[in-house]
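Excluded from the calculations below are hydrogen atoms, water molecules and symmetry mates; all remaining heavy atoms, backbone and side chain alike, are included. First the proteins, then the strands, lettered A, B, ... as listed; each starts at 1.
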There are 2 protein chains.
Amino acid sequence: MSVSSFDPRATPTGAYRPGRIRDENLNTIMSAAAAEFVQHGYRGASIQRIADRAGLPKANVHYYFPRKTHLYQSVLKEIVALWNSELDELQVDDDPAQALARFIRSKVRLSFLHPTASKLFALEIISGAPNLQAYLSGELREWVAARAGVVQAWIDAGRMRPVDPLQLIVSIWATTQHYADFDEQVLKLMGKRRYDAAAMEQIADFLTDLILTGCGLEPPVS
Amino acid sequence: MSVSSFDPRATPTGAYRPGRIRDENLNTIMSAAAAEFVQHGYRGASIQRIADRAGLPKANVHYYFPRKTHLYQSVLKEIVALWNSELDELQVDDDPAQALARFIRSKVRLSFLHPTASKLFALEIISGAPNLQAYLSGELREWVAARAGVVQAWIDAGRMRPVDPLQLIVSIWATTQHYADFDEQVLKLMGKRRYDAAAMEQIADFLTDLILTGCGLEPPVS
DNA sequence: GTCTATATCCGGATAGAC
DNA sequence: GTCTATCCGGATATAGAC
């Protein structure tokens with residue numbers, strides 16, 4: 001989405017760089033679009049409202065994204081890239097407790113940092129994942145199979161209780177993403193208006209404790 | 001949605017009962033609508049397609065539900081009623097392990113039996129719960145507070161490990177509902193086309209084992 | 001209670017001036 | 001690169017015959 005940092009045209013301040021306005025507009029539009037898609041769904045989302053959120057005239061949105069589909073798919077693609085970027089955890093040599101704790105915290109962090117992204121991804125899957133079929137049975141499946149293999153190796157070596165590795169990974173996703181996707185519900189139940197740093201810590205601690213204990217591991221003191 | 005079983009007009013076979021056609025049509029339309037809403041969102045859902053799914057002409061749908069909003073809210077209301085119907089678990093006198101295991105299995109069962117209902121509820125919450133504000137901070141909040149109290153009592157009596165009772169309930173919801181809401185993703189990862197009875201058992205067993213162990217309880221043999 | 005025909009509106013997309 | 005005006009398809013909703 002942003003030009004290479006080695007772009008010779010770049011200036012120290014970032015001002016006057018050709019394409020800079022374009023990049024900024026693209027980012028603004030895509031953020032606005034994500035929020036709109038989450039609130040109204042793909043069909044229900046209106047280009048006019050996306051433009052309003054972005055503070056631009058409607059025709060400008062059409063200038064950057066001639067078709068609504070292109071806009072949606074760009075947003076989705078960016079989210080998948082974001083998800084993949086934090087996906088490289090769990091090695092066989094790692095200490096199971098340390099590695100799982102790190103994995104859980106990384107997922108919690110991602111959810112709290114990018115709730116809108118998490119929600120849009122959830123909406124896409126719940127609606128039948130019409131745009132993510134290839135990703136689900138390709139990249140993601142590979143990644144999960146590999147990590148499940150690591151967990152299985154830990155179990156075979158007697159380093160943790162025998163639990164279904166695939167379901168363990170799924171459950172970690174389910175719980176961590178839930179706090180982003182269902183924030184409207186969870187916050188009401190917690191009697192808060194929004195998550196603060198303390199709540200985030202509390203939740204990360206809780207999940208680490210519950211899941212690691214469930215795996216017969218000693219939760220590392222954070 | 002259905003007339004009282006003591007309706008004097010009812011016949012043993014159920015045929016020719018006044019209002020019977022009406023009830024059947026209402027059910028058909030509402031099921032069709034739920035599926036359509038899940039796939040396309042509220043705005044994106046088309047009355048024409050709902051009618052097609054129900055095998056009725058479009059004007060018939062308008063006859064029973066003059067406004068699209070009425071239809072959506074009826075469906076949502078029915079789902080909330082369904083959810084509430086299985087909500088009365090967890091008593092202080094219960095054995096914690098037994099009670100929690102029963103609670104988890106009941107939620108798993110509900111998710112697998114009514115995946116579309118679960119998905120529509122999820123969509124509503126993720127989109128900001130515009131139609132469920134009262135429910136979330138009313139009924140549901142009360143119920144959760146009461147159950148959290150029960151769990152806390154168990155903890156105080158030393159009958160289970162100290163874990164945050166509210167987060168425990170939230171996590172049980174998160175994991176159980178995830179299998180219905182994200183079935184598209186989970187099934188691809190499991191390499192299945194749809195859940196069978198064995199998979200459902202496997203998942204219920206896994207969750208019971210993980211969570212109860214996480215609470216320092218001995219999972220009851222099922 | 002069922003269905004056809006139609007009024008009305010809204011949103012995506014385009015053309016073309018600036 | 002920005003913006004105004006407009007076209008046109010599609011969706012909700014209604015009127016009224018059967």
Side-chain angles (χ1 to χ4, degrees), chain A residues 1-3 7 9 14-30 32-76 127 130-131, chain B residues 1-3 7 9 14-30 32-76 127 130-131:
Chain A
M1 212 41 49
S2 48
V3 287
D7 188 329
R9 296 168 304 180
Y16 299 121
R17 178 161 48 77
R20 192 175 152 269
I21 295 181
R22 182 181 178 81
D23 290 350
E24 268 178 17
N25 282 346
L26 279 173
N27 270 323
T28 319
I29 293 172
M30 285 173 71
E36 172 76 7
F37 285 135
V38 164
Q39 201 171 344
H40 298 290
Y42 173 73
R43 276 224 178 79
S46 135
I47 306 265
Q48 181 63 64
R49 272 193 304 261
I50 292 175
D52 292 347
R53 284 181 199 256
L56 293 169
K58 182 171 74 155
N60 264 28
V61 177
H62 271 110
Y63 172 72
Y64 291 105
F65 299 93
R67 312 270 148 193
K68 197 186 188 183
T69 320
H70 301 350
L71 175 52
Y72 181 74
Q73 277 162 357
S74 297
V75 174
L76 207 55
S127 303
N131 297 283
Chain B
M1 212 42 46
S2 49
V3 286
D7 187 332
R9 296 168 304 179
Y16 299 122
R17 179 162 46 77
R20 193 174 150 270
I21 295 180
R22 181 181 179 79
D23 289 350
E24 268 180 14
N25 282 345
L26 280 173
N27 270 323
T28 319
I29 293 171
M30 286 173 70
E36 173 75 7
F37 284 134
V38 164
Q39 201 171 345
H40 299 289
Y42 173 72
R43 274 222 178 76
S46 135
I47 307 267
Q48 181 63 63
R49 273 193 304 261
I50 292 175
D52 291 347
R53 282 180 200 257
L56 293 168
K58 181 174 72 158
N60 265 31
V61 176
H62 270 111
Y63 172 72
Y64 290 105
F65 299 94
R67 311 269 147 196
K68 199 187 188 181
T69 321
H70 302 350
L71 176 51
Y72 181 74
Q73 275 162 358
S74 298
V75 174
L76 207 55
S127 303
N131 297 281

Between the NE2 atom in B:His62 and the CD1 atom in B:Ile47, the distance rounded to the nearest 0.5 Å is 4.5 Å

OP1 or OP2 of D:dA15 under 4.0 Å from side-chain N/O of B:Tyr63:
no

Whole-Å distance, B:Asp52 CG to D:dT12 P, equals 11 Å

- Does OP1 or OP2 of D:dT12 have a side-chain N or O of B:Arg49 closer than 4.0 Å? no

Separation of C:dA13 atom C1' from A:Lys68 atom NZ, nearest Å, is 12 Å

What is the nucleic acid contact for A:Tyr64, judged by heavy atoms within less than 4.0 Å: base, sugar-phosphate only, or nothing? sugar-phosphate

Notebook entry, point to check: Short question: side chain of B:Glu36, backbone of B:Ser46 - any donor-acceptor pair under 3.5 Å?
Noted result: yes

Side-chain contact check for B:Lys58: nearest option of C:dG1, D:dT2, D:dT12 is D:dT12

Could you tell me whether the side chain of A:Tyr42 and the main chain of A:Thr69 form a donor-acceptor pair under 3.5 Å? yes

* Just checking B:Ala51: base, sugar-phosphate only, or nothing, at a heavy-atom cut-off of under 4.0 Å? -> nothing

Rounded to whole Å, CZ of A:Phe65 lies from P of D:dG1 at a distance of 13 Å

Rounded to the nearest 0.5 Å, the CZ atom of A:Arg49 sits from the NE2 atom of A:His40 at a distance of 4.0 Å

A:His62 atom NE2 is separated from D:dG1 atom P, nearest whole Å, by 17 Å

Taken to the nearest whole Å, CZ/B:Arg67 to P/D:dT12 is 12 Å

A:Tyr42 atom OH is separated from C:dG11 atom P, nearest whole Å, by 15 Å

Assign each of A:Arg43 and A:Leu56 the nucleotide of DNA chain D bearing its closest heavy atom; nearer the 5' end lies the nucleotide of A:Leu56

A:Ile50 CD1 to C:dG12 P, in whole Å, measures 8 Å

query = Within the structure, does a side-chain N or O atom of A:Asn25 lie under 4.0 Å from either OP1 or OP2 of D:dT2?
reply = yes

A:Gln48 atom CD is separated from C:dC9 atom P, nearest whole Å, by 18 Å

- Message: Check the phosphate of C:dC3 against B:Asn60, side-chain N and O only, distance under 4.0 Å to OP1 or OP2. Yes or no?
- Response: yes

Assign each of A:Ala59 and A:Ser46 the nucleotide of DNA chain C bearing its closest heavy atom; nearer the 5' end lies the nucleotide of A:Ser46

Taking D:dC3, D:dT12, D:dT2 as options, the one with an atom nearest any side-chain atom of A:Pro57 is D:dC3

- Task: Classify the ring geometry between B:Phe37 and B:Tyr72 as parallel (under 30°), tilted (30 to 60°) or perpendicular (over 60°).
- Result: perpendicular

